[in-house]
Protein chains: 2
Amino acid sequence: MTDINTSKTTATTITSDKFKVACSNCNLRELCLPMGFNAEEMLRLDEIVATRKQVKQGQHLFTNGDPFTSLYAIRTGFFKTCVASEDGREQVTGFQMAGEIIGLDGIVTDHHNCDAVALEDAEVCIMPFSNVEHLSREFPVLQRHVHKIMSREIVRENGMMMMLGNMRAEERLAAFLLNLVQRLHARGFSQSELILRMTREEIGSYLGLKLETISRTFSKFSEDGIIEVKQRYVRILDADQLKQLCNLQTSI
Amino acid sequence: MTDINTSKTTATTITSDKFKVACSNCNLRELCLPMGFNAEEMLRLDEIVATRKQVKQGQHLFTNGDPFTSLYAIRTGFFKTCVASEDGREQVTGFQMAGEIIGLDGIVTDHHNCDAVALEDAEVCIMPFSNVEHLSREFPVLQRHVHKIMSREIVRENGMMMMLGNMRAEERLAAFLLNLVQRLHARGFSQSELILRMTREEIGSYLGLKLETISRTFSKFSEDGIIEVKQRYVRILDADQLKQLCNLQTSI
DNA sequence: TATTTTGTTTGACTTAAATCAATGTGCTAG
DNA sequence: CTAGCACATTGATTTAAGTCAAACAAAATA
């Protein structure tokens, strides 16, 4: 377990390289660095990411109905977003990790339309949306980036609709694992092993399945030699077979 | 059938009032009218909606993989958007009517990530996205509006995920009908009757169900006196019961 | 008008996943 | 160390929706 995404155990050892990679996308300042800004422009961009916030495991970053003021760029930690129906059924709509943005759901109504909950201790950058908009007017490259972030979320959710509408349990779980591992890999973690930050029930909610089905499907994959599972630890033994299982393009 | 959304039969009779309402949202010029722009500013905004395009029934407005250059504001007609998996399964991701925007899926990758198909003869405004971005920098109110359009789509898709992940066939169809009729009502059409522009199969694809299930559920609703169905014509007899069936907030 | 074609309804049967239930596992805290 | 708790696994059974198939209706075409 050298390379794995065990934040608590290895958080102190991941000091420079890993951390830089993991956070390379995590706020707009770092993000715009490779876009050729000068020092002064960088300072301006810093205005929108000056404030940081710690969120303890289990705590809500925001809740459905909260007034919308800011987007949040995740620096460290892991979140879920979920919506609830009137009669209490809950649907996890996404899992977000370092470098990803939460809060886009609030723009349209000026209040949030889902809950964001930390699945482990986390740190976020608070980006007041009026600042984002103001600076977007000044820096076209930032404006385009904000648009891309929103468009990416729309495309991701299109893929989720395909998954929930058309795919069988095995396909869904395969696509889910591949997507997770791919995103972790882009942050410098292993391609073949990961620690799940969520329960079987949360995975089930996300994939439109019950927790028992998730458990059974994990066991099936394990028996077939496709993965090795032990509690939250998952190692991918046969990525090709996993890819074959899901004909969905998890490209984004 | 006085008030119903029969575009072909009544298109010529809907000249002034109805047409204005139906199209009140249909492009940025009309949309920004109530925002207090002066004539000169209006002319500037006209730049991005100068071009119109006709799309015949069955034709693609754009196709997955097409280079992304523009958003499209629907003036008249009805579209579906859909994504396909590698093995050919198709998922309808949305139905769009006059006043709504298509093409947001293309921003993130500079090419489109779904197909947009006209379900009846349609006219759209072509809005080159670079123009939209340019003018957004100049007019904060337009910038905010563009952000809201994207956020609304994200929230809508969150609701779809709840639907596809948690709701039963009856709930899905009830929510679908209520949503359609509500959007039509906002455009000046009847609250209680509508003409479906799509097949049972397309409804099924959208709702994650098979066409036979759609047909059976229509029949069930009809037997229960909740709706009257005859082919594509639907009249809602008991909206309350329909609302009770779906505990989903179809607010947006 | 006759004839395909396309879309819809309905019935009989199957199945994937849900539900219900029991047991197992590994933390956490006293 | 062990008691309690949250989470996970596995088995038995049920069920909502899918599948297969036939008949029907409406629209398009000849």
Side-chain angles (χ1 to χ4, degrees), chain A residues 6 8-9 56-58 80 89-92 117 119-121 163-177 195-224 227-234 245-246, chain B residues 6 8-9 56-58 80 89-92 117 119-121 163-177 195-224 227-234 245-246:
Chain A
T6 52
K8 274 184 185 169
T9 51
K56 286 274 171 204
Q57 182 175 0
K80 71 170 176 181
R89 282 174 289 184
E90 184 177 284
Q91 171 76 33
V92 173
V117 183
L119 295 181
E120 59 178 358
D121 292 356
M163 191 128 115
L164 294 167
N166 284 293
M167 294 168 80
R168 289 172 312 105
E170 289 187 21
E171 300 178 271
R172 296 186 202 190
L173 191 59
F176 172 71
L177 288 175
I195 300 279
L196 299 170
R197 297 270 104 102
M198 69 296 280
T199 66
R200 304 289 192 258
E201 188 167 20
E202 285 163 335
I203 298 173
S205 173
Y206 183 57
L207 300 179
L209 301 165
K210 294 295 164 187
L211 67 98
E212 295 94 332
T213 304
I214 300 300
S215 185
R216 275 184 243 273
T217 310
F218 268 131
S219 301
K220 171 95 177 9
F221 284 174
S222 194
E223 284 160 26
D224 294 355
I227 61 171
E228 182 193 333
V229 204
K230 190 165 191 190
Q231 300 289 119
R232 303 286 181 98
Y233 169 81
V234 177
L245 268 171
C246 64
Chain B
T6 52
K8 274 185 185 169
T9 51
K56 286 275 172 202
Q57 183 175 1
K80 71 169 176 182
R89 282 175 287 185
E90 184 177 284
Q91 171 75 35
V92 173
V117 183
L119 296 180
E120 59 178 358
D121 291 357
M163 191 129 116
L164 294 168
N166 285 292
M167 294 169 79
R168 288 173 311 107
E170 288 186 21
E171 299 179 271
R172 296 186 202 190
L173 191 59
F176 172 71
L177 288 175
I195 301 279
L196 299 170
R197 297 268 104 102
M198 70 296 280
T199 67
R200 304 291 192 258
E201 188 168 20
E202 286 163 334
I203 299 173
S205 173
Y206 183 57
L207 299 179
L209 301 166
K210 294 294 162 187
L211 68 98
E212 294 94 330
T213 304
I214 301 299
S215 184
R216 275 184 244 274
T217 309
F218 268 132
S219 300
K220 170 99 178 8
F221 284 174
S222 193
E223 285 160 24
D224 294 354
I227 62 172
E228 181 193 334
V229 204
K230 189 166 192 189
Q231 299 288 120
R232 304 286 181 98
Y233 169 81
V234 177
L245 269 171
C246 63

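Note that the structure is a prediction, hence the values are computed from the model and not measured. Letters A, B, ... are given to chains in the order of the sequence lines, protein chains preceding strands, and every chain is numbered from 1.
Here the straight-line distance linking atom CE of A:Met167 with atom CG of A:Leu173 works out to 10.5 Å at 0.5 Å rounding. Remark: A:Phe176 CZ to A:Ile203 CD1 distance equals 4.5 Å, nearest 0.5 Å.
For the helix from C:dT1-D:dA30 to C:dG30-D:dC1, the axis fitted to the five pairs at one end and the axis fitted to the five pairs at the other end meet at an angle of 40° (nearest 10 degrees).
Residues A:Leu164 and A:Gln91 come closest through the heavy atom pair CD1-NE2, 4.5 Å.
Rounded to an integer number of Å, the gap from CE of B:Met167 to C1' of C:dA18 is 18 Å. As rounded to whole Å, 14 Å separates atom C1' of D:dT15 from atom NZ of A:Lys210. Distance B:Leu119 CG to C:dG7 P: 11 Å, rounded to the nearest Å. Straight-line distance from the CD atom of B:Glu202 to the P atom of C:dT8: 9 Å, rounded to whole Å. Straight-line distance from the CZ atom of B:Arg168 to the P atom of C:dT19: 11 Å, rounded to whole Å. Counting to the nearest Å, the C1' atom of D:dG18 and the CG atom of B:Leu207 are 15 Å from each other. Between A:Glu171 atom CD and C:dA16 atom C1' there is a gap of 12 Å when expressed in whole angstrom units. Rounded to a whole Å, the CD1 atom of B:Ile203 is 13 Å from the P atom of C:dG7.
Here B:Lys230 pairs with nothing under the salt bridge (Lys or Arg N to Asp or Glu O under 4.0 Å) rule; sequence neighbours left out. Remark: B:Arg168 engages B:Glu171 in a salt bridge (Lys or Arg N to Asp or Glu O under 4.0 Å) (not counting sequence neighbours). Partners of B:Gln231 under the side-chain contact (heavy atoms from CB on, under 4.5 Å) rule, at least two apart in sequence or in another chain, do not exist in this structure. In this view, A:Phe221 satisfies the ring-ring contact (aromatic ring centres under 6.0 Å, His included) rule with no residue, not counting sequence neighbours. A:Lys80 is linked by a salt bridge (Lys or Arg N to Asp or Glu O under 4.0 Å) to A:Glu90, A:Glu202, counting only residues two or more places apart in sequence or in another chain.
Residues A:Phe218 and A:Leu177 meet the side-chain proximity criterion, which asks for heavy atoms closer than 4.5 Å. Side-chain contact between B:Glu201 and B:Ile214 is absent, with no heavy-atom pair separated by less than 4.5 Å.
Residue contacts shown for A:Gly208 are limited to sugar-phosphate atoms, with no base heavy atom under 4.0 Å away.
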Extract from the structure each pairing of a protein N or O with an N or O of nucleotides 6-10 of chain D at less than 3.5 Å, listing the distance.
unit_1, atom_1, unit_2, atom_2, d
D:dA8, OP1, A:Arg232, NE, 3.0
D:dA8, OP2, A:Arg200, N, 2.9
D:dT9, OP1, A:Arg200, NH2, 3.3
D:dT9, OP2, A:Arg200, NE, 2.8
D:dT9, OP2, A:Arg200, NH2, 3.4
D:dT9, OP2, A:Ser215, OG, 2.9
D:dT9, O5', A:Ser215, OG, 3.1
D:dT10, OP2, A:Ser219, OG, 2.5

Name the pairs: protein N/O against N/O of nucleotides 4-6 of chain C, kept only if under 3.5 Å.
none

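For residues 213-223 of chain A, the pairs satisfying side chain to side chain donor-acceptor pair (under 3.5 Å) are A:Glu170-A:Lys220, A:Lys220-A:Asp224, with sequence neighbours left out.
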